[in-house]
Amino acid sequence: MPLIGIEGLSKSYMMGKIELRVLNNINLTIQEGEFVSIVGPSGSGKSTLMNILGCLDTPTKGRYYLDGTDVASLSGGRLAEIRNKKIGFVFQSFNLLPRLTAMENVELPLIYRGMQSKEQRERAVGALEMVGLGDRTNHRPSELSGGQQQRVAIARAVVGNPPIILADEPTGNLDSVSGREIMGLLQNLHRSGATIIVITHDSDIAQRAGRIFSIKDGVITETGRGEAV
Amino acid sequence: MNLNLVQTLRMAIASILSNKMRSFLTMLGVIIGVSAVITLVSLGEGSTRSVTEHIQSMGSNLLTVNITGRGTSTSLTYNETRELRDLPGVLYVAPSLASQATVKYGSISSDNASLESTTPEYQYVQNYRVSSGRFLLENDITQRQRTAVIGKEIVDELFPFHNPVGERIKINGQTFTVIGVLEEKGTSAMGSGDNKVIIPITTGQRLAGNTGIRTVYIQAASPEQVDTAELYLNNYLIKKFKSEDGYRIFNQSEMLSTISEVTGILTATLAGIAGISLLVGGIGIMNIMLVSVTERTREIGIRKALGAKHANILVQFLIEAVVISGLGGIIGIIFGISGSMVISNLAGFNTVISVNVILLASMFSILVGVIFGIYPANKAALLNPIDALRYE
């Protein structure tokens, strides 16, 4: 059974009386342990696909099987639970909470899992050490560089051991050196067994993945293989 | 639903501390409301209590008969007042003749003593006790003794340095022997109880050359028998005066309940006015919480993306509102208690800080947090995570 199975998925929005179809009859299968990149220009529907893959949004039509569950028709509460346990998000703009320390930011997904504070702490420290920030646990985001902030975000994404890491333009706000570091980190995660989906408009970044998909006008096609095959 | 309350509470406190000035100003509404409720209610209850205590000190089962003198006869005789004792429900009867008098001891004199001629039962009816010597006895009445029991104020004026019992004083020029000193009663709105001079009624009648009695204090056997006694008194007096206009009966317990009703309304009005300020404080909380939700839209989006459910966000913002209002409530209680203490010390008003009001005020302030926090919190919890994440 694939980790992600999408069958005939469509998403449309109502703009007044006009139906705007953003995703059109998409089929996509991703196996456990794959490193996949989805490339597309802005307006191609890749953000919408990302939101649906991340269970932040539900499709208008079609099926989405995540780890064996059909999530297309789940309630908001169940979707929140799936986001918490099965998906680790890495955003372009990091999306750390500015008032919390690196440690507290990494603990957030575990809080919503209802974990004991002692275990939360141990796992957050472990995740921060894994991304090389073991000595920055009590810094706030404003005291960290962009690359470091994105590493905190990656630590937050992996702390709950989700099967899927979903990265939306993870290097988009970074200089090329930090960008390479972040991609290296994602590659390491992939090597240690995680399933990684990177959404980007940068074809160099996309080349680091195994399978490469491109999306245009709401239609997705597999376009090639990258270095991580 | 997984909720770690301690952690949520810590988050709420951190968020309140991150904007100290704003949180304090928001709290101020609740602080003012709660302290106003406590101060005003304790003031109201204090005045209720002092009025009630004063009335009760005059004897709680008291009926006062005033002869207005518009009937065929204009007063009662001493013997007629003795007959009143046999009426059902009546325990004590104390007829009274009252006037102003000048009291002299040697060369010292006191001008405005209030002279009251009465019987031994007066001490029970009006709750007087003697601190030294004795009160009037039946013998003083029958023998028309020239004996006097005097109040604390008279004693202080005429006998600053020694015990007056056994001394001879002159009341309106007539010589009397002091047989007792009344215990101090204190001054109140009804006048001083301590500048009294009490002499036997029979002696008083002879001195005044007037045997008509127009005031009789009557004590019923128990609070339940006040009405019975009043009924029989009415029957007796209407037979005597042939008209209801000839006399009036004042019922102490009726007066008491009327006064406590009035002061109760006063207290409730004060509490209501103060409660309105608490309501305004609540609106302030709601206002700030709505601003806070808008400001933190992105935070809410992030939390939702990381797995926060509707209830998690709701509880987070609700706890923030309740912490603000609860903290305001605690500070308000401290201010309210110290405020009423300051008022009673500086202005001399009687204040009663009741535990009930404090409990009510703290419950009300928490309730304000919940009621005015629930709408903003629910607004936050209902945000769509995609829109919230996109919010700049």
Side-chain angles (χ1 to χ4, degrees), chain A residues 11 13 22 47-48 50-58 74-101 104-121 140-141 153 156-157 159-160 162 166 168, chain B residues 1-23 291-320 323 377-392:
Chain A
K11 177 75 181 177
Y13 295 102
V22 183
S47 296
T48 306
M50 154 95 181
N51 287 338
I52 290 176
L53 282 172
C55 293
L56 290 165
D57 206 350
T58 47
L74 291 181
S75 69
R78 289 279 295 130
L79 285 178
E81 222 166 89
I82 285 174
R83 287 199 293 275
N84 185 259
K85 290 189 177 140
K86 306 221 159 153
I87 296 158
F89 285 98
V90 179
F91 299 96
Q92 176 175 4
S93 49
F94 323 138
N95 277 345
L96 300 175
L97 297 189
R99 284 185 289 107
L100 305 187
T101 63
E104 288 165 336
N105 265 292
V106 175
E107 281 174 343
L108 277 176
L110 306 181
I111 289 177
Y112 293 122
R113 213 176 273 195
M115 195 178 272
Q116 291 296 308
S117 347
K118 192 163 166 277
E119 199 186 344
Q120 279 176 24
R121 205 126 286 226
R140 283 173 209 284
R156 182 179 67 185
V159 74
L166 204 53
D168 182 14
Chain B
M1 187 171 68
N2 294 313
L3 290 178
N4 191 330
L5 267 182
V6 178
Q7 224 149 8
T8 319
L9 202 66
R10 232 177 37 213
M11 263 178 345
I13 290 168
S15 144
I16 288 166
L17 287 179
S18 75
N19 212 329
K20 292 189 190 69
M21 190 61 179
R22 183 204 275 184
S23 308
V291 171
S292 175
V293 168
T294 309
E295 276 179 354
R296 285 152 70 189
T297 300
R298 202 176 171 83
E299 172 185 334
I300 295 162
I302 295 168
R303 287 182 184 276
K304 284 199 152 184
L306 297 179
K309 290 180 186 169
H310 182 274
N312 294 124
I313 304 289
L314 186 83
V315 167
Q316 183 191 341
F317 280 87
L318 203 55
I319 282 188
E320 237 178 272
V323 166
N378 196 45
K379 198 181 166 197
L382 285 176
L383 281 176
N384 179 345
I386 304 167
D387 297 337
L389 273 173
R390 228 181 268 145
Y391 186 88
E392 289 300 330

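Throughout, protein chains are lettered first and strands after them, A, B, ... in sequence-line order, and every chain is numbered starting at 1. Since the structure is predicted, the reported quantities are computational estimates derived from the model, not experimental observations.
Distance check: Lys85(A) NZ to Tyr112(A) OH gives 15.0 Å after rounding to the nearest 0.5 Å.
At a threshold of 4.5 Å between non-hydrogen side-chain atoms, the residues Asn51(A) and Leu389(B) do not count as touching.
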* **Trace of the side-chain contact (heavy atoms from CB on, under 4.5 Å) decision for Asp168(A) with Phe89(A)** => CA-CA 8 Å; Asp168(A) 182 14; Phe89(A) 285 98; over 6 Å; no
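Contact of Ile87(A) with chain B is not made at all, since no heavy-atom distance falls under 4.5 Å. Using a 4.5 Å cut-off between heavy atoms, Arg303(B) contacts chain A through both its backbone and its side chain.
Judged purely by distance below 3.5 Å, without hydrogens or angles, the side chains of Ser47(A) and Arg390(B) never pair a donor atom with an acceptor atom.
When each of Pro385(B), Ser15(B), Ala305(B) is scored by its heavy-atom pairs under 4.5 Å with chain A, the top score falls to Ala305(B). Taking chain A as the reference chain and counting heavy-atom pairs below 4.5 Å, the highest number among His310(B), Met11(B), Lys304(B) is found for Lys304(B).
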